[in-house]
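Worksheet for the structure shown next.
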Amino acid sequence: MKKLTINLVMAFFCPKWPLLKPKIPGTLLLIFGTLLVQPSHAQQIKIHLLSGTVYSADDHTPLPGATVLDGKTAKLTVTDANGRFKISTADSSGILKISFIGYKPVQVGFGGSNLNDLTIYMISDASVLKEVIVSTGFQKLPKERATGSFVQVDSALVNRRVSTDILSRLEGVVPGLLFNRNSVSSANGTTDISIRGHSTLFSNDQPLIVLDNFPYDGDLNNINPNDIASITVLKDAAAASIWGVRSGNGVIVVTSKKGKMNQKLAVEFNANLTIGQKPNLFYDPNYLNSNDFIKVEQTLFSSGFYNSALSSGYQVVSPAVQILANPRAGTISASDATTQINALRSQDIRNQLQQYLYRQSADQQYNLNFRGGGMNSDYFLSLGYDNDLSDQVGNLNDRITINSSYNFYPIKNLLLSAGLFYTKTDSKENSQLSGIKGINDKSQVYPYAQVADASGNALPIVHGYSQSFINSPANAAYLDWNYWPLDELHNADNTSGSFDNRINLGLKYTLPAGLSAELKYVFENTQSSYNNYYSQDTYYARNLINQFTQKNPDGSLSYPIPVGGILQQSNASLNSQHLRGQLNYSKDWNQKSFFTAIVGSEWSSTVNKLNDPATAYGYNKNTDANYSNIDYLTYYSLYPRGTGSMQIPNGQGFSQTTDNFISYFSNAAYTYDKKYTLSISGR
């Protein structure tokens, strides 16, 4: 500030020095360093008064503190809190030079009748360091005048990392933003995150997400990072208090990109391709190899640990345990058992998992946007496409996004705005890695398992029932009970899809004396569907049909669950509306003391509908037909006998929750001498 002041003084005085030359008749007076000209009575000079307002071309807001310089006389003034200025000049025509930090200098000619109420627009200059502005979703403030703890992430920092979701780009960038990769949020199924711990035990414990001034009720992964201009994280109570009780877990304010007034059409295309290697399954130092695993099983077998499972006749045991039990049952000799056990010691499931069930991941990201504006409008349009090939065979995801905004100034001080946000996502989850579990559903399968032979043909692994039970002649009439992981990749068809629509409308009018009024409305509609189709060849369908198969007295079999495919469908929808009316006031005194205040009211309505999975049995995907005559009331004894009885699973249910509320809010802050700020907030 000191350097700026010195420069202004020099610019003010230096051009006056030529007046010392005796070319103008009159008396020269030097009073406290100011050079005055006392004109003679013989020559009178007519003084002209220029006035006008300086606006930002980006958002049509006044620019207080802009420097206005008469290019001929070097007379200088500064705009007031409303961006207005007045300057006197002895010339009836000339050029005004306007400058402001963070904006490109402007030269405006004046003359004739063009002397009063000049309207001047300045275009922001990205190459100039600008003050950091934080957004609370209700107002924008310079960071040094905002109380509380804020973290500002601009577009350059957001784009430093390549990913298709916002959360991945914030990880490791925002201090205090914690990512729990070992759990999933129950609120929206995404990664569990926290800003300042948890404020509740049984409700939504995730931070509030605010997109373009309103809460975002959809999945955060739907937002395209290429459309984001900045992200502000409100970390403490002072910063987030304006949002009331919903800010208990912190607030993440996301601001989309916008166009700029007086900017020619700019087209930007962005393409990213990220290739990832297969996971290194041999990295885990705690992994128990086949040889050591079998040694443990031999010790447990000798102590009788598996006797109960073996005597049941159907409970699952590992191949090694079954081989150890076969000599005792007299089916093979002890030497044959030793040979078979030694053959298992050299097998390692990790080799086949990496070969058949893992692959290199490939994430493709494309984005095309258009932005620009004229003297009274600006626009932004972004089109995005993402295709993510997971490192797990059978899983993929693609997304289409559209984001647009338009601001129009039909008359002076009036702003009309509209925006559209659209996302469509489709995904498939057919990976069998979660199905390859250890005995009794342990997370780690026995290390000597094999999913394919030397020629690459699919092999079954022990799953659900013992191999002796599955191969028993008594079960020959039942559907194959073996679990073939590689075949499951092709037999299953589990898909999900969603789309998200969000429409923003806004009206703002700037009043005199630093006062403005605005009305904003947003409507959001989200639809999601899940379709899990299990063909007759999948293990899930075969196992469920076998479990409910009934043996008649004559030895024949009846099927309460018809032989065929099984389709599970569920749907969810969300409709939310937010309407906000707000008054804004700002005033400054000599660019040293500032006062800002907002007051308003907000109405919100959110309706959630959920249809729990409905199941269709005997479903044929090709004909879209299913067997409808299903008895869901009778309790059937399950096979193998002794495993209990139950009704045929249906699970269909409907639920709806509606949340309506009206809130009133206010926030005020006073800054004295650019050093001390006092703020108060209520909702």
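For clarity, every value in this text was computed on a predicted model and none was experimentally measured.
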How would you list all residue pairs meeting salt bridge (charged side-chain N to carboxylate O under 4.0 Å, His left out) that involve residues 524-537, not counting sequence neighbours?
Arg502-Glu524
Mind checking side chain to side chain donor-acceptor pair (under 3.5 Å) for Thr61 and listing every partner two or more places apart, or none if nothing turns up?
Asp59
Does anything in residues 525-534 pair up under salt bridge (charged side-chain N to carboxylate O under 4.0 Å, His left out), and if so which pairs, sequence neighbours excluded?
none
I'd like to know whether NZ of Lys428 has more than 12 heavy-atom contacts from other residues, nucleotides or ligands below 6.0 angstrom.
no
Atom of Phe380, atom of Gly259 and distance for their closest heavy-atom approach
CB-N, 3.7 Å
Determine whether the aromatic ring centres of residues His578 and Phe523 are separated by less than 6.0 angstrom.
no
Could you check whether any side-chain N or O of Arg542 sits under 3.5 Å from a backbone N or O of Asn482, counting only pairs where one atom can act as donor and the other as acceptor?
yes
Does Arg580 reach the main-chain N or O of Asn213 with its side chain, forming a donor-acceptor pair under 3.5 Å?
yes
Locate the shortest heavy-atom distance separating Val151 from Lys235; write the atom from each residue and the value.
CG2-CD, 3.4 Å
Could you tabulate the donor-acceptor pairs under 3.5 Å formed by side-chain atoms of residues 398-405, not counting sequence neighbours?
unit_1	atom_1	unit_2	atom_2	d
Arg399	NE	Asp386	OD2	3.1
Arg399	NH1	Thr164	O	3.1
Arg399	NH1	Asn221	O	2.6
Arg399	NH2	Thr164	O	2.9
Arg399	NH2	Asp386	OD2	2.8
Thr401	OG1	Asn224	ND2	3.1

Let me confirm one number: the CG-CD distance from Leu273 to Gln364, rounded to the nearest 0.5 Å.
6.0 Å
For Asn376, give me all partners under side chain to side chain donor-acceptor pair (under 3.5 Å), at least two apart in sequence or on another chain.
none
I want to check something: taking the side chain as every heavy atom from C-beta on, are Phe150 and Thr136 in contact at a cut-off of under 4.5 Å?
yes
Heavy-atom check, side chain of Asn369 versus side chain of Phe269, under 4.5 Å:
no
Validation row: Asn351, Phe282 side chains within 4.5 angstrom (heavy atoms):
yes
How far apart are the closest heavy atoms of Ala458 and Trp484, and which atoms are they?
O-CZ3, 3.3 Å
How long is the span from the OG atom in Ser256 to the CG atom in Leu211, to the nearest 0.5 Å?
5.0 Å
Can you name the residues that form a salt bridge (Lys or Arg N to Asp or Glu O under 4.0 Å) with Glu429, not counting sequence neighbours?
none
N/O donor to acceptor pairs below 3.5 angstrom from side-chain atoms of residues 564-575, sequence neighbours left out:
unit_1	atom_1	unit_2	atom_2	d
Gln568	NE2	Tyr540	OH	3.0
Gln569	NE2	Asn531	OD1	2.7
Asn575	OD1	Asn525	ND2	2.6

Could you check whether the rings of His60 and Tyr55 sit parallel, tilted or perpendicular, using 30° and 60° as the cut-offs?
parallel
For the OG1 atom of Thr255 and the CG atom of Asp227, what is their distance to the nearest 0.5 Å?
12.5 Å
Once the angle between the rings of Phe408 and Tyr406 is folded into 0 to 90°, is it parallel (under 30°), tilted (30 to 60°) or perpendicular (over 60°)?
parallel
ring-ring contact (aromatic ring centres under 6.0 Å, His included) against Phe138, all qualifying residues, sequence neighbours excluded:
Trp243, Phe665
Indicate whether the side chain of Gln347 and that of Ser290 have a donor and an acceptor atom separated by less than 3.5 Å.
no
With sequence neighbours excluded, what pairs up with Gln450 under the side chain to side chain donor-acceptor pair (under 3.5 Å) test?
Gln352
Does atom NZ of Lys257 have more than 12 heavy-atom neighbours, drawn from other residues, nucleotides or ligands, at distances under 6.0 Å?
yes
Which distance, rounded to the nearest 0.5 Å, do you find between the OG of Ser528 and the CZ of Phe499?
9.5 Å
Under the side chain to side chain donor-acceptor pair (under 3.5 Å) rule, what do Asn395 and Asn397 come out as? Steps first, then yes or no, please.
CA-CA 7 Å; Asn395 289 359; Asn397 180 81; over 6 Å; no
So, does Gln365 use its side chain to make a donor-acceptor pair with the main chain of Ser163 at under 3.5 Å?
yes
Atom pair OH (Tyr422) and CG (Leu383), whose distance is rounded to the nearest 0.5 Å
12.5 Å
May I ask you to decide if Asp378's main-chain N or O and Asn407's side chain share a donor-acceptor pair within less than 3.5 Å?
no
Carefully, step by step, assess Tyr539 and Glu488 under the rule side chain to side chain donor-acceptor pair (under 3.5 Å).
CA-CA 7 Å; Tyr539 176 80; Glu488 291 290 314; over 6 Å; no
Salt bridge (charged side-chain N to carboxylate O under 4.0 Å, His left out): pairs with one or both residues in residues 360-375, sequence neighbours excluded
Glu268-Arg371
Less than 3.5 Å apart, any donor N or O on the side chain of Ser496 or Ser427 sitting next to an acceptor on the other?
yes
Can you find a pair of side-chain heavy atoms, one from Tyr379 and one from Leu265, that are under 4.5 Å apart?
yes
Check side chain to side chain donor-acceptor pair (under 3.5 Å) between Asp391 and all other residues, then give those that pass, not counting sequence neighbours.
none
When you compare the side chains of Gln392 and Tyr358, does any donor N or O come within less than 3.5 Å of an acceptor on the partner?
no
Does Tyr216 reach the side chain of Asp500, with side-chain heavy atoms less than 4.5 Å apart?
yes
How about OH on Tyr283, more than 12 heavy atoms from neighbouring residues, nucleotides or ligands closer than 6.0 Å, or not?
no
Is a side-chain N or O of Asn491 found less than 3.5 angstrom from the main chain of Asp487, in a donor-acceptor match?
yes
Leu220 side chain near Asp165 side chain, heavy-atom distance below 4.5 Å
no
Side chain of Tyr121, backbone of Met261: donor and acceptor closer than 3.5 Å?
no
Check the orientation of Tyr533 and Tyr619. Use parallel for under 30°, tilted for 30 to 60°, and perpendicular for over 60°.
perpendicular
Is atom OH of Tyr385 surrounded by more than 12 heavy atoms (other residues, nucleotides or ligands) closer than 6.0 Å?
yes
Is the backbone N or O of Asn222 less than 3.5 Å from a side-chain atom of Asp219, with the two atoms forming a donor-acceptor pair by type?
no
Which atom names give the shortest non-hydrogen contact between Lys104 and Ser124, and what distance separates them?
CE-O, 4.2 Å
Within the 4.5 Å heavy-atom criterion, are Tyr409 and Met375 side-chain neighbours or not?
no
Asp212: what forms a salt bridge (Lys or Arg N to Asp or Glu O under 4.0 Å) with it, not counting sequence neighbours?
Lys258
Any side-chain heavy-atom pair of Val251 and Val210 under 4.5 Å
yes
Stepwise, does the side chain to side chain donor-acceptor pair (under 3.5 Å) test hold for Asp659 with Thr606?
CA-CA 5 Å; Asp659 184 13; Thr606 303; 5.4 Å; no
Distance from Asn367 atom CG to Ser382 atom OG, nearest 0.5 Å?
4.0 Å
